[in-house]
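The structure under discussion appears below in the form of C-alpha cells.
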Amino acid sequence: MERLPAALPQSFYGRQVAEVARDLLGCDLWRRLPSGVICGGRIVECEAYGGSDDPGSHAFRRTPRSEIMYGPPGFAYVYFTYGMHYCANAVSHVKGTAGAVLIRALEPLADLDGMASRRGKAAIDPHGEIRPRALCSGPAKITQALAIDRGLNGTPLTGSELRISPGTGPVPDPEVKITTRIGVNSGAELLARFIVERSNFLSR
DNA sequence: GTGACGATAATCT
DNA sequence: GATTATCGTCACA
C-alpha cells in the first residue's frame, strides 16, 4: 500500500451522529506512520455519542476535553482512559450540536505484521502465528495497532496521517445490527452501537 | 468457552 | 477523591 484511497468528504460527518455511525460501517480507516508505512482496516463496529442530550457522552458536559466534540466535524477526537488506553473517534454532528463516533473494531487490511508487533504477545497464538482477530477487536486495540495517541487529537480525517475512505461501499441494512453501547453506565439503554453482524472481527 | 480482577493516570467534581 | 466510551491474565468449566 503506497497511495491512500480518496477520503470521505468533511460533509460526510456533518450529519446526525447516529446516521454517520451507521454509514461508517464498511468504510476504511487508514493511518500513515511517521516511517511512511500505511496500516488500516475496515470499520465493522462503532458507537454514536451525542451532546447535551446524551448522558453517556463526554460531550454531555462541555469541558476542555470535550470541547473538540463541539468543534467542526471530520476531525479525530482521541482521548486517554483507564490510565493506559487511547480511543479514537470521528467528530460528527449537525451544526450547533456536539457528537462523535467511537471506532470500536476493524477488520485488519494493511500492515498486519506491524500491527501485531505493536499489539504485543496478546496478538500471537501458541504456534507463533498472528491472530488477526486480536489486532483491532476493541477501541484501545485499534489505537495501539495503528499507533494512534493523543498527538493525533484534532487531526483531520481527510488528511494523509489519518484518513477514512469509503471502502467497498455501504453495508446493506440486513447486515447491520444495532445494540446498546458497551462500557457505558449512564445512558446505557440507548441503541447507538452499530455492527456488521457477520463480521469475525468485532469486540467482545 | 465464561467471568472476576487489577493495572494505572487523566479528567472532572 | 472518585470515576473511567478498556484490556490481558488468571481461574474455572
Side-chain angles (χ1 to χ4, degrees), chain A residues 13 16-22 24-25 29 41 43-71 73 75-93 97-106 108 115-155 157 162 164 177-195 200-204:
Chain A
Y13 305 95
Q16 294 284 348
V17 66
E19 210 176 305
V20 177
R22 160 68 180 82
L24 277 175
L25 293 178
L29 171 63
I43 298 171
V44 293
E45 173 179 347
C46 59
E47 289 177 350
Y49 287 87
S52 54
D53 56 340
D54 182 358
S57 172
H58 290 166
F60 184 60
R61 301 183 207 288
R62 192 165 184 164
T63 66
R65 180 178 65 168
S66 69
E67 184 62 29
I68 189 166
M69 290 178 69
Y70 287 80
F75 292 82
Y77 166 40
V78 182
Y79 66 87
F80 184 68
T81 191
Y82 289 105
M84 60 188 86
H85 297 303
Y86 295 99
C87 296
N89 299 249
V91 174
S92 307
H93 58 83
T97 64
V101 178
L102 173 67
I103 311 300
R104 285 197 56 93
L106 303 178
M115 289 185 190
S117 66
R118 287 183 288 277
R119 288 276 298 118
K121 63 181 180 184
I124 304 298
D125 74 11
H127 305 292
E129 303 292 319
I130 293 175
R131 297 198 52 215
R133 318 234 331 236
L135 293 177
C136 300
S137 54
K141 297 180 188 178
I142 291 174
T143 58
Q144 190 177 25
L146 303 194
I148 294 170
D149 65 16
R150 202 163 34 200
L152 290 170
N153 191 36
T155 302
L157 297 172
L162 222 44
I164 300 178
K177 189 174 179 186
I178 309 176
T179 77
T180 56
R181 294 175 296 190
I182 289 178
V184 177
N185 290 307
S186 37
E189 71 292 344
L190 187 65
L191 292 170
R193 173 173 176 253
F194 298 81
I195 62 178
N200 291 130
F201 298 92
L202 303 175
S203 71
R204 294 280 164 114

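To find a chain, count down the sequence lines: A is the first, B the second, and so on, and within it residues start at 1.
Comparing A/Arg150 and A/His85 along DNA chain B, the residue whose closest nucleotide (by nearest heavy atom) sits nearer the 5' end is A/His85. Checking A/Thr81 against A/Lys121, the closest nucleotide of DNA chain C that is more toward the 5' end is the one next to A/Thr81.
Nucleotide C/dA5 forms no Watson-Crick or G-U wobble pair with any nucleotide shown, as no partner meets the under 3.5 Å limit on both distances.
Contacts of A/Asn89 with the nucleic acid, taken as non-hydrogen atoms under 4.0 Å apart, include base atoms. Within 4.0 Å (heavy atoms only), A/Arg193 reaches no atom of the nucleic acid at all. Using a 4.0 Å heavy-atom criterion, one finds that A/Gly56 contacts the bases of the nucleic acid, with or without backbone contacts as well. At a threshold of 4.0 angstrom between heavy atoms, the contacts of A/Tyr49 include nucleobase atoms, whether or not backbone atoms are also involved. Looking at heavy-atom distances under 4.0 Å, A/Arg65 makes contact with sugar-phosphate atoms alone, never a base.
For the pair A/Ser186 (side chain) and A/Pro55 (backbone), a donor-acceptor distance under 3.5 Å is present.
The nearest whole Å value for the distance from the CD atom in A/Glu45 to the C1' atom in C/dA5 is 12 Å. Atom pair A/Tyr77:OH and B/dA10:P shows a separation of 15 Å (rounding to whole Å applied). In this structure, CD of A/Gln144 is placed 7 Å from P of C/dG8, rounded to the nearest angstrom.
Side-chain N/O atoms of A/Arg119 include none lying less than 4.0 angstrom from OP1 or OP2 on C/dC7. The shortest distance between the side-chain N/O atoms of A/Asn185 and the OP1/OP2 oxygens of C/dT3 is not below 4.0 Å.
When side chains are defined from C-beta on, A/Val78 does not count as touching A/Asp149, because their heavy atoms never get closer than 4.5 Å.
Ring-plane geometry between A/Tyr86 and A/Phe80 is classed as tilted, the angle between the planes lying from 30 to 60 degrees on a 0 to 90 degree scale.
Interface remark: the A/Tyr82 side chain does not form any donor-acceptor pair with the B/dA9 base, using a distance-only criterion of under 3.5 Å.
Note that OG1 of A/Thr179 and CZ of A/Arg204 are 10.5 Å apart. Values are rounded to the nearest 0.5 Å.
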